[in-house]
Amino acid sequence: IEKILELVEEQRFLMITGASGEGKSSLVYAGLIPNAVAGFINAKFSNWAVSDFRPEHRPLDNLTAALASSLKFDNHDTLKSILRLGYSALVDLYKNSARHLDFESDEWKNADAGKQKELKKDAANLLVLVDQFEEFFTNPENFMRGEVQHDAKAVVSLLLETNKLALEQNLPIYIVCT
């Protein structure tokens with residue numbers, strides 16, 4: 001758990017691999033997440049918004065549902081359309097959510113102590129957990145005849161681009177795949 005916490009803090013992207021039944025998901029749900037929430041990852045905020053999903057047969061729908069819940073978005077169809085745009089879509093969604101707080105913004109700089117406390121209350125690091133990542137390749141709906149299907153490809157690309165942009169922009173977005 002300590003090594004995983006260290007790697008997530010450093011790289012903000014982690015792929016946990018191993019044979020079926022070895023406890024990868026348990027390690028994340030019983031180790032990583034509770035330790036992150038308890039403050040054992042040096043992150044921008046003390047709160048964590050966890051978006052966990054399995055690709056299953058509809059990876060884009062499942063990612064959309066997970067993000068809608070953790071980022072507090074109501075309209076799933078709009079959210080899904082935005083995610084389909086790819087590249088910076090997830091970063092943009094995070095930055096436009098109640099979970100993001102820009103300490104360089106005029107809103108923050110001009111706020112009194114009470115308003116700053118209120119703004120910080122909803123701010124959170126975003127942890128996107130893709131449990132059973134192999135489903136992108138093992139489910140026929142996602143990978144057929146040697147071809148990655150559109151939604152599966154879109155989600156994987158989105159996760160990789162999100163990590164790249166989050167590192168470049170120093171955003172507290174973390175991605176873990178099992």
Side-chain angles (χ1 to χ4, degrees), residues 1-38 40-41 43 48-71 73 76 79-95 97 99 124-169 171-178:
I1 291 171
E2 288 176 11
K3 186 63 175 173
I4 287 173
L5 293 170
E6 178 185 312
L7 289 169
V8 168
E9 184 178 320
E10 285 175 13
Q11 301 171 11
R12 298 190 193 172
F13 185 96
L14 183 63
M15 178 73 71
I16 300 171
T17 62
S20 180
E22 285 190 335
K24 299 172 295 297
S25 298
S26 297
L27 181 65
V28 171
Y29 285 109
L32 172 66
I33 293 173
N35 278 277
V37 170
F40 292 107
I41 292 180
W48 286 83
V50 178
S51 295
D52 62 323
F53 76 101
R54 288 181 60 177
E56 295 177 327
H57 304 292
R58 299 174 351 163
L60 187 58
D61 290 335
N62 295 344
L63 173 61
T64 299
L67 289 170
S69 175
S70 65
L71 294 180
F73 284 105
H76 285 233
L79 185 60
K80 184 176 174 180
S81 296
I82 292 169
L83 290 171
R84 266 209 171 104
L85 297 174
Y87 188 60
S88 66
L90 181 48
V91 167
D92 295 339
L93 285 168
Y94 172 75
K95 288 167 83 173
S97 75
R99 301 305 199 161
N125 310 299
L126 176 61
L127 173 61
V128 179
L129 169 60
V130 186
D131 193 19
Q132 307 298 321
F133 184 84
E134 70 274 8
E135 290 177 351
F136 282 110
F137 308 101
T138 58
N139 286 346
E141 294 84 359
N142 299 328
F143 190 81
M144 191 177 295
R145 289 185 222 104
E147 295 280 324
V148 180
Q149 300 306 305
H150 181 268
D151 280 357
K153 188 185 302 184
V155 172
V156 172
S157 296
L158 185 61
L159 294 171
L160 293 172
E161 289 299 327
T162 296
N163 178 249
K164 177 183 168 210
L165 293 170
L167 286 169
E168 288 172 359
Q169 298 176 31
L171 294 170
I173 300 174
Y174 302 79
I175 299 169
V176 176
C177 306
T178 66

*If you take all heavy atoms of G31 and P34, which pair is closest and at what distance?*
O-CD, 3.5 Å
*Rounded to the nearest 0.5 Å, what separation is found between the CE atom of M15 and the CG atom of L7?*
13.5 Å
_Between CG on residue L167 and CD on residue E10, distance to nearest 0.5 Å_ = 11.5 Å
*Let me know which of D52, I175, L14 forms a side-chain contact (heavy atoms from CB on, under 4.5 Å) with L129.*
D52
*Backbone N or O of W48 within a donor-acceptor pair of the R99 side chain at under 3.5 Å?*
no
*Within a reach of under 6.0 Å around CZ of F40, are more than 12 heavy atoms found that belong to other residues, nucleotides or ligands?*
no
*asked:* Side chains of K164 and E161, heavy atoms from C-beta outward: is any pair under 4.5 Å?
replied: yes
*Please tell me if the side chains of V50 and Y29 come closer than 4.5 Å, counting only heavy atoms from C-beta onward.*
no
*Locate the shortest heavy-atom distance separating A66 from S51; write the atom from each residue and the value.*
O-OG, 3.4 Å
*Could you tell me which non-hydrogen atom of L83 sits nearest to which non-hydrogen atom of A89, and how far apart they are?*
CA-CB, 4.0 Å
_Q169 and K95: CA distance, side-chain angles, deciding distance, side-chain contact (heavy atoms from CB on, under 4.5 Å) verdict_ = CA-CA 11 Å; Q169 298 176 31; K95 288 167 83 173; 2.8 Å; yes
*Among L158, L79, D151, whose side-chain contact (heavy atoms from CB on, under 4.5 Å) with L63 holds?*
L158
*To the nearest 0.5 Å, what is the distance between CD1 (I41) and CD1 (I33)?*
10.0 Å
*Check ion pair K80-D61 (N to O, under 4.0 angstrom)*: yes
*Drop me the distance from Y94's OH to N125's CG, to the nearest 0.5 angstrom.*
6.0 Å
*Donor-acceptor contact present, side-chain N142 to main-chain A152, <3.5 Å*: no
*Does the side chain of I82 reach to within under 4.5 Å of the side chain of L93, using non-hydrogen atoms?*
yes
_L165 vs L171, side-chain contact (heavy atoms from CB on, under 4.5 Å): CA-CA, chis, key distance, verdict_ = CA-CA 8 Å; L165 293 170; L171 294 170; over 6 Å; no
*asked:* So for atom CD, which belongs to E168, do other residues, nucleotides or ligands contribute more than 12 heavy atoms lying within a distance under 6.0 Å?
replied: yes
*Intermediate values then yes/no, side-chain contact (heavy atoms from CB on, under 4.5 Å), Y87 and T162*: CA-CA 7 Å; Y87 188 60; T162 296; over 6 Å; no
*Checking side-chain hydrogen bond (donor to acceptor under 3.5 Å, both in side chains) for the pair N163/Y174: CA distance, chi angles, key distance, verdict?*
CA-CA 7 Å; N163 178 249; Y174 302 79; over 6 Å; no
*asked:* Using side-chain heavy atoms (C-beta onward) and a distance below 4.5 Å, is V176 in contact with V130?
replied: no
*Would you find a donor on one side and an acceptor on the other, under 3.5 Å apart, between the side chain of E22 and the backbone of A19?*
yes
*What distance separates R12 CZ from L127 CG, expressed to the nearest 0.5 Å?*
12.5 Å
*Should K24 and D131 count as an ion pair when the cut-off is N to O under 4.0 Å?*
no
*Do L126 and S70 have side chains that get closer than 4.5 Å, going by heavy atoms?*
yes
_Donor-acceptor contact below 3.5 Å, side chain T178 vs main chain Q132_ = yes
*So does R54 pair up with E135, basic N to acidic O under 4.0 Å?*
yes
*Could you check if a side-chain atom of F133 sits within less than 4.5 angstrom of a side-chain atom of P55, using non-hydrogen atoms only?*
no
*In Å, rounded to the nearest 0.5 Å, how long is the span from CD1 of I1 to CG of L27?*
6.0 Å
